[in-house]
Amino acid sequence: MIQVNLKKVVDDTYSIDIGKGNSPKLPSLLKKLVPAFRYIIITDSNVAKLYGKTFLFHFEKEKLNASLVSFRAGEENKTRETKAELENKILQHSAGKDSVIIALGGGVVGDVAGFVASTLFRGIPFVQVPTTLLAQVDSSNGGKTAVDHPLGKNLIGAYHQPKHICIDTDFLKTLSQEEYVNGIAEIIKQALIQDEKFFLFLEKEMEKLVNRDEKILKTTIEWNCKLKASIIEKDEREIGPRKILNFGHTIGHAIETLSQYKLRHGYAVSVGMVAESLIAKELGWLKENDVQRIENILKRVKLPTRLPKSISPITILKKMQLDKKSKEGKIKYSLIDKVGHCEFNVGVENEIALRCMRGIME
Ligand code: GLY
């Protein structure tokens, strides 16, 4: 018998730079941090229109080889077909193993571009330049990359960590308030699962955050990214503790899918957090006062706290049973037992979940 000894020590350390006006400075930083013969910028049709030319110009100014390839914007285009199209375009640009991919856009762009980078030439480096608040505080950080399948979201993908994340708050200026608030839902979640002090800060400063106050925004993104990074460092592959990031997502994800993605991710997670907080209260984990605090902060941001009429608790339950995170139809939840702490792999009687969902019907 031949033994192939392949024990690995991997260093996937990456940096996150947060600040106003960071993206024009990125090309000169990349020369040192992630040198490449060619940079392939992947973006979508919306972001290409807004920022494509300017972003490319910063690379040209630094005399770096750079090309931009784009695909049609929207979750419905986060597919294997889009990935193949992008790969064709990239290969036509004579990219090689010495290329680096830059993901310029929101969560869909980051997920697709990261997945392309994970398989092209058996894996090349990539850099995240998230342009939405949701991508800045959540999806760009942690190396999850994927495309969707008609049977579900993110079913085909890989863990591929970025070499660097460039967060430029200037990108947020062109976001609609609805899209901006979409990101705030994940920030509230991050505080609820890990850090009561962060939650108190959000309770105090929420109006300023909603109004995009630069100082509060930077502190919030930084605080959030540090908290999330501390989880990734412990459990990159979501074997255990990373599951706490799914608080509000077991029910929220089902709502998002059943709405056929008409309800934005953060909005669905907002309802999910209320329903799952009520479950935690029924289990005797969470006090009524804490459930109220959670509902109040979501309402202040104008995030929904009630189930849309069109989606019934029983269809949500069935959807959750089919989710890839369920094992043999048994739904596992990540539930907070106080503001700032979360438990994962919690089994809950379906009757309790149904009762809590029925309690928040519109
Ligand atoms: N968005 C959840 C995670 O990164 O695990």
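Whatever order the structure lists ligands and atoms in, that order sets their numbers, starting from 1. All heavy atoms count here, side chains included; hydrogens, waters and symmetry mates do not.
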Pair [X]-[Y], side-chain donor/acceptor within less than 3.5 Å:
X: Asn246; Y: Glu238; result: yes
X: Gln194; Y: Gln190; result: yes
X: Asn5; Y: Gln3; result: yes

Practice task
Compute the shortest N/O to N/O distance between Lys144 and ligand 1 and return yes if it is under 3.5 Å, no if not.
Solution key: yes
Exercise for the section: Verify whether the ring centers belonging to His249 and His265 lie closer than 6.0 Å. Expected result: yes
Practice task
Please could you name the atoms of ligand 1 that Arg242 approaches to less than 4.0 Å, counting only its heavy atoms?
Solution key: 3 (C), 4 (O), 5 (O)
Handout entry: Residue Lys228 vicinity, atoms of ligand 1 by number, heavy atom under 4.0 Å
Key = 1 (N), 3 (C), 4 (O)
